[in-house]
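In what follows, a single structure is set out as structure tokens and then discussed.
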Amino acid sequence: PEDPAINTEIDRLDAALETRYGAGFFRNKVAESEAELTRVGLDPSMGNLVADAYRAATGAEIGLDQLSFIYTGLPAGPLTAVDFLNALPAVYNPESGKTWTIKTLQMRGATLKTLFGGYLLSSGLIQNRPLAVSGMKVTFRAPGDSFSGAGPRELVEIEVGGKRLDPKRTYSVALSHGLLETFEFM
């Protein structure tokens with residue numbers, strides 16, 4: 001049985017969100033998806049959507065996020081604003097009233113190559129915390145040519161915008177605040 005006190009609190013929070021974000025926040029259709037978007041696999045459709053959106057919002061050449069920061073996929077059919085908020089809630093900051101924000105930074109090609117080379121060397125990172133990318137193609141060789149094979153991966157090539165990565169060139173990169181903090185920690 002439902003707890004009336006919990007239902008009252010949920011209704012209060014729903015009303016506060018609709019006051020802040022507008023009536024219909026939970027019900028009004030803002031988009032339509034022809035297919036379910038998932039976080040599954042080496043090239044997940046939900047990760048692609050998020051990384052593409054970062055690029056589109058900022059004009060950056062590359063969009064990046066970590067799939068563990070994308071909490072859920074999206075169903076096929078009509079979508080509401082709350083569907084998107086639930087997919088990317090990240091860490092809410094009550095002082096700013098925001099979750100993580102998109103950050104844009106400049107990275108040299110050599111830095112990108114070192115970053116992805118190190119990332120691929122850690123089988124735990126690539127299997128447990130895969131990256132969503134947009135605007136770039138990272139080609140690597142897995143042990144035994146299997147994604148699930150044990151051991152480090154070898155970076156073969158990186159392309160940005162369909163061209164081979166130039167180690168001396170500077171690229172604009174859009175990423176979540178959470179991923180930026182992860183890179184700073186590394």
Side-chain angles (χ1 to χ4, degrees), residues 13 16-17 20-21 25 37-74 79 81-140 142 147-148 151-155 157-161 165-186:
L13 293 170
L17 286 170
R20 181 178 186 131
Y21 296 111
F25 180 66
L37 302 176
T38 70
R39 298 175 58 239
V40 178
L42 188 56
D43 191 25
S45 53
M46 187 63 189
N48 292 339
L49 174 70
V50 170
D52 288 347
Y54 290 177
R55 283 183 59 218
T58 63
E61 296 169 275
I62 299 168
L64 297 174
D65 207 351
Q66 196 169 358
L67 278 180
S68 62
F69 297 148
I70 302 168
Y71 288 34
T72 187
L74 293 171
L79 301 170
V82 79
D83 291 322
F84 290 95
L85 182 64
N86 285 337
L88 295 162
V91 177
Y92 180 73
N93 180 341
E95 292 176 17
S96 69
K98 297 179 182 178
T99 59
W100 283 333
T101 55
I102 302 170
K103 303 293 182 181
T104 305
L105 55 109
Q106 302 297 310
M107 293 181 80
R108 288 182 34 134
T111 304
L112 283 165
K113 185 175 180 180
T114 299
L115 179 70
F116 276 90
Y119 181 79
L120 290 169
L121 284 174
S122 171
S123 60
L125 272 179
I126 197 166
Q127 287 180 349
N128 300 321
R129 301 214 186 265
L131 290 177
V133 300
S134 175
M136 68 185 303
K137 178 181 172 185
V138 179
T139 305
F140 64 91
F147 177 69
S148 61
R153 280 95 180 121
E154 175 190 349
L155 181 61
E157 181 180 54
I158 298 177
E159 293 179 8
V160 177
L165 182 83
D166 179 350
K168 296 179 183 176
R169 184 168 170 250
T170 299
Y171 297 89
S172 58
V173 180
L175 66 164
S176 71
H177 187 137
L179 185 57
L180 179 61
E181 287 184 358
T182 300
F183 287 160
E184 288 174 349
F185 177 74
M186 293 170 67

Inset, instruction - State, to 0.1 Å, how close Val133 and Phe116 come at their nearest heavy-atom pair, and which atoms those are. - result: CG1-CZ, 4.2 Å
Legend entry - Considering all heavy atoms, the nearest Gly47-Ala132 contact: O-CB, 3.3 Å
Legend entry - Check: Ser45 side chain, Thr38 main-chain N or O, donor-acceptor pair, under 3.5 Å: yes
Inset, instruction - Working to the nearest 0.5 Å, report the span between CZ of Arg108 and CG of Leu165. - result: 10.5 Å
Inset, instruction - Please check if the side chain of Arg39 supplies one atom and the backbone of Pro44 the other of a donor-acceptor pair under 3.5 Å. - result: no
Legend entry - Leu67 vs Leu131 side-chain heavy atoms within contact, under 4.5 Å: no
Inset, instruction - Answer whether the closest heavy-atom distance between the side chains of Thr139 and Ile158 falls below 4.5 Å. - result: no
Inset, instruction - Looking only at non-hydrogen atoms, find the nearest pair between Tyr171 and Asp166 and report the distance. - result: OH-N, 2.8 Å
Inset, instruction - Kindly indicate whether the side chain of Val173, heavy atoms from C-beta on, has any atom under 4.5 Å from the side chain of Leu64. - result: yes
Inset, instruction - With the side chain counted from C-beta on, respond yes when Leu105 and Met107 share a heavy-atom pair under 4.5 Å apart, and no when they do not. - result: yes
Inset, instruction - Answer yes or no: is there a side-chain heavy-atom contact under 4.5 Å between Leu17 and Val82? - result: no
Inset, instruction - Check the pair Val50, Phe69 against side chain to side chain contact (heavy atoms under 4.5 Å, CB included), reporting the backbone distance first and the verdict last. - result: CA-CA 10 Å; Val50 170; Phe69 297 148; over 6 Å; no
Inset, instruction - Please tell me if the side chains of Met46 and Thr72 come closer than 4.5 Å, counting only heavy atoms from C-beta onward. - result: no
Inset, instruction - Test side chain to side chain contact (heavy atoms under 4.5 Å, CB included) on Ile102 and Leu175 and set out the steps. - result: CA-CA 6 Å; Ile102 302 170; Leu175 66 164; over 6 Å; no
Legend entry - Heavy-atom check, side chain of Ser172 versus side chain of Gln106, under 4.5 Å: yes
Legend entry - Residues Asp65 and Tyr54: side-chain donor-acceptor under 3.5 angstrom: yes
Legend entry - Under 3.5 Å: donor-acceptor pair, side chain of Arg55, backbone of Glu61: yes
